[in-house]
Asks: 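Below you'll find the structure I mean.
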Amino acid sequence: MNEERAFAKVNLTLDVLGRRPDGYHDLSMVMETVDLCDTLRFTHGGDGVRVSTNLPYLPSGPGNLAAAAAAAFQRATGIALGGLSIRIEKRIPVCAGTAGGSSDAAAVLRYLNRQTGAGLSLEALRDIAQTVGSDVPYCVAGGTALAQGRGEVLTPLPPLPGCFFLLCKPSFSISTSALFGQIDRRRLRRRPDTKGVLAALEAGDLAGVARRLYNVFEDVLAPRQGRVVQELKNRLITAGALGAVMTGTGSTVYGLFDAEAAAQRAREELRQSCEETFLCRNV
Ligand code: C5P
């Protein structure tokens with residue numbers, strides 16, 4: 001099948017441990033995959049790799065991570081792809097902390113591995129993925145996982161019990177590199193209880209995970225953005241979420257719910273204060 005789905009991710013926790021000599025940061029993040037997804041359709045023929053999407057402002061050339069992934073696959077395997085058109089139906093919000101671009105790139109790698117018969121292992125595919133972006137190795141297989149190093153050192157975790165996520169994307173986007181720059185300049189007040197989250201996952205304790213959702217980037221947001229994020233979190237909790245947090249470098253905030261009806265009611269309430277909401281469940 002010339003089609004592949006690319007799922008969004010959310011951070012249950014996000015900790016920045018320090019800046020590395022290569023300019024990146026060492027991270028410790030518990031990640032989860034949700035069923036909000038883009039669809040990629042592949043057509044062979046023509047010249048070179050071209051990407052098009054339903055969002056005309058996204059790049060169609062190497063600036064698109066999907067095209068970068070195809071180029072990286074070609075370089076690493078020596079397999080000539082010839083002409084390839086990738087059409088992406090975007091549903092995952094863009095620049096939102098939900099790994100939309102990284103997930104599209106990972107979907108391209110999975111598709112090419114299958115279609116060309118390259119038969120690369122998950123590890124080999126992740127090695128290629130890390131040349132495309134820090135979140136791409138996680139997106140190759142997704143699931144509940146601990147991501148360390150730049151994001152490429154992955155440990156599978158016991159799956160998060162089935163639950164519902166209400167994602168709320170504020171109208172502003174946040175620059176990832178600028179936010180990492182803020183982290184370097186500021187002293188963090190609090191860190192996530194990553195060990196506690198791992199223990200709660202081990203015990204299948206959804207409420208224990210929800211209580212410990214935490215992202216250090218919330219601490220270093222610009223004041224206006226910080227107020228919007230805090231306000232959305234408050235509204236989600238008031239509406240019945242077991243926990244609420246910003247994902248990645250934002251600006252999406254989500255609430256975690258144990259029942260779909262509660263998440264749906266919260267969506268109705270949150271719609272007034274947030275234009276873009278997505279109700280999804282973990283994959
Ligand atoms: O790897 P990726 O291109 O997705 O990273 C985007 C930006 O995020 C980097 O240029 C860097 O500023 C920051 N980053 C970081 N440490 C990481 C991942 C990303 O500093 N582990």
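The first residue of the sequence shown is numbered 1, and numbering continues consecutively from there. None of these values were measured; they are calculated from a predicted model. Just so you know, ligand 1 is whichever comes first in the structure, and atom 1 is the first atom listed for that ligand.
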Asks: Can you give the donor-acceptor pairs under 3.5 Å from side chains of residues 173-180 to other protein atoms, not counting sequence neighbours?
Replies:
unit_1	atom_1	unit_2	atom_2	d
Ser173	OG	Cys95	O	3.4
Ser173	OG	Lys169	NZ	3.4
Ser175	OG	Ala178	N	3.1
Thr176	OG1	Thr249	OG1	2.9

Asks: For residues 132-166, which residue pairs pass the ring pair (Phe, Tyr, Trp, His ring centres under 6.0 Å) check, not counting sequence neighbours?
Replies: Phe165-Tyr254
Asks: Which salt bridge (charged side-chain N to carboxylate O under 4.0 Å, His left out) pairs, counting each pair once, include a residue from residues 238-263, with sequence neighbours left out?
Replies: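 Sorted result for residues 238-263: Glu260-Arg281.
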Asks: How about CD on Glu275, more than 12 heavy atoms from neighbouring residues, nucleotides or ligands closer than 6.0 Å, or not?
Replies: no
Asks: Enumerate the protein residues lying less than 4.0 Å from ligand 1, judged by heavy-atom distances, in chain and residue-number order.
Replies: Gly23, Tyr24, His25, Leu27, Gly133, Ser134, Arg150, Thr176, Ser177, Phe180
Asks: Taking NZ, NE, NH1 and NH2 as the nitrogens, is one of them in Arg271 or Glu268 under 4.0 Å from a carboxylate oxygen of the other?
Replies: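 Here Arg271 pairs with Glu268 in a salt bridge, since their nearest N and O are under 4.0 Å apart.
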Asks: So, His25 versus Asp184: side-chain donor-acceptor pair below 3.5 Å or not?
Replies: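 Distance-only check passes for His25 and Asp184.
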